[in-house]
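Please read the structure below before turning to the comments.
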Amino acid sequence: MREYLLTLCVTAAVTYLLTGPVRKFAIVAGAMPEIRARDVHREPTPRLGGIAMFFGLCAGLLVADHLTNLNQVFETSNEPRALLSGAALIWLIGVLDDKFEIDALIKLGGQMIAAGVMVVQGLTILWLPIPGVGSVALTQWQGTLLTVALVVITINAVNFVDGLDGLAAGMVCIAATAFFLYAYRIWYSYGIEAAAPATLFSAILMGMCLGFLPHNMHPARIFMGDSGSMLIGLVLAAGAISVTGQVDPDALNLYVGSEKEAVHQTVPVYIPLLLPLTIIAVPAADLILAIVRRTWRGQSPFAADRGHLHHRLLEIGHSHSRAVLIMYFWSALIAFGALAYSVNSASMWIVLGVVFLSAIGLLLLLLPRFTPRAPRWMERFVPPRYRRSGSVAALAPEASTPASAAEQHAAAGAENRTPVVSGVAGVNGATAIGPRSRLADRRKAGTR
């Protein structure tokens with residue numbers, strides 16, 4: 001565990017320290033596109049955050065290769081090299097897209113090629129545990145097609161949910177944490193060395209997300225762009241493929257009996273791994289709904305719109321930060337609920353706990369429809385939007401008190417100022433050099 005934590009910390013530190021210089025580089029390189037109608041940010045913000053995340057990935061793999069226990073992963077398996085090869089290719093495509101905005105079909109082809117590169121080097125699904133049947137061995141073509149499909153779906157699910165500051169990195173970090181706990185349990189508790197690569201991938205993915213989040217939380221100073229979202233999606237898929245397709249369920253020796261009975265009993269264990277979309281169910285649902293919605297309208301499935309789940313949270317009245325936290329809540333509930341069910345599927349308390357937390361989540365979704373009102377004795381200490389309508393007139397005499405000379409001078413100065421137009425120096429993207437504008441437009445902006 002100490003070596004995994006060291007790898008995580010090194011990855012997070014490298015990602016965090018490189019994000020600042022990468023942000024300045026993105027500004028100089030012009031990777032700061034104009035604000036689109038679907039964007040939620042109000043000022044042009046640089047992309048290319050995936051550059052720092054990729055070098056964090058390289059640093060994590062390099063450190064793990066020089067540690068005593070984790071070095072065995074590189075000696076006995078070719079999966080870390082396969083991951084690095086596929087990650088380098090998908091990262092390069094993402095960097096080009098962040099700068100030049102390449103066609104969606106070209107990106108899709110690049111994602112399939114990156115998955116194929118990993119398959120050629122041994123990172124593929126070899127068999128699947130199916131209830132009532134046993135471990136079904138896959139042919140080379142079946143394993144390749146299933147692996148490529150899983151990688152492409154996971155990459156695009158993460159890419160689709162990358163619409164609010166800190167949303168994609170936080171949700172993937174939550175999923176990677178749940179995945180790490182389960183893969184470590186298989187590797188450490190049951191002594192299955194085939195689960196070691198997936199445990200390493202999850203620890204590195206957690207470090208990449210944690211190192212980037214401080215720069216990406218609202219208001220974000222840099223976006224990860226497609227170079228980052230596709231990269232973390234590929235790493236998450238690689239870890240799931242490593243465990244799902246290469247760990248024999250019968251090797252767990254959890255149950256005595258036939259292979260069919262063993263697989264049937266271990267189905268709760270393999271649900272979160274057989275379908276990685278279980279631990280990223282929220283972005284996967286967003287992906288499916290987006291494809292159905294766009295196809296129904298006669299549009300391309302890759303056409304951008306304003307109908308994503310996080311857009312709808314903003315439309316019903318949630319603030320930016322609250323919408324992100326709600327998405328975090330649902331991701332953690334699904335990921336850790338599946339993890340707890342895989343550990344002890346016979347406990348009714350787990351089911352009741354998930355149901356109770358789901359009710360709380362639904363209540364949080366409806367909160368913007370209700371405006372809280374403070375008691376009358378507290379109305380002097382709360383903002384006006386929380387006061388009753390009758391109390392406004394009562395507080396009016398106090399509000400009409402003549403302002404001091406300093407306050408009048410400050411108000412006059414504020415009126416004479418002109419708002420900064422987006423796209424010029426000093427606005428968000430250029431704040432690596434100059435201070436952030438203090439006159440940000442507070443009007444409701446579009447969504448991205």
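Between the side chain of K107 and the main chain of D97, no donor-acceptor pair closer than 3.5 Å is present. For the pair N156 (side chain) and V152 (backbone), a donor-acceptor distance under 3.5 Å is present. W91 contributes a side-chain N or O that, together with a main-chain N or O of G50, makes up a donor-acceptor pair within less than 3.5 Å. For the pair N78 (side chain) and G122 (backbone), a donor-acceptor distance under 3.5 Å is absent. Of the possible donor and acceptor atoms, one in the side chain of T15 sits under 3.5 Å from a partner among the backbone N and O of T11. Side-chain atoms of E3 come within 3.5 Å of backbone atoms of L70 as a donor-acceptor pair (strictly under, hydrogens ignored). Under the 3.5 Å distance criterion, the side-chain polar atoms of R23 are matched with a main-chain donor or acceptor of R221. In this structure a side-chain-to-backbone donor-acceptor pair under 3.5 Å is present from N71 to D65. Checking side-chain atoms of N216 against main-chain N and O of D165 turns up no donor-acceptor pair under 3.5 Å. Within the 3.5 Å criterion, the main-chain N or O of A220 finds no donor-acceptor partner in the side chain of H215.
Screening residues 169-178 for side-chain hydrogen bond (donor to acceptor under 3.5 Å, both in side chains) gives no qualifying pairs among residues at least two apart or on separate chains.
At most 12 heavy atoms of other shown residues, nucleotides or ligands fall within 6.0 angstrom of atom CE in M112. Around CZ of F180, the count of heavy atoms belonging to other residues, nucleotides or ligands within 6.0 Å exceeds 12. Open room surrounds CZ on F25; 12 or fewer heavy atoms of other groups in view lie less than 6.0 Å from it. Open room surrounds OH on Y16; 12 or fewer heavy atoms of other groups in view lie less than 6.0 Å from it.
Screening I241, V151, L138 for a side-chain contact (heavy atoms from CB on, under 4.5 Å) with L146, the sole residue that qualifies is L138.
Scanning for side chain to side chain donor-acceptor pair (under 3.5 Å) contacts around T19 gives an empty result, with sequence neighbours left out.
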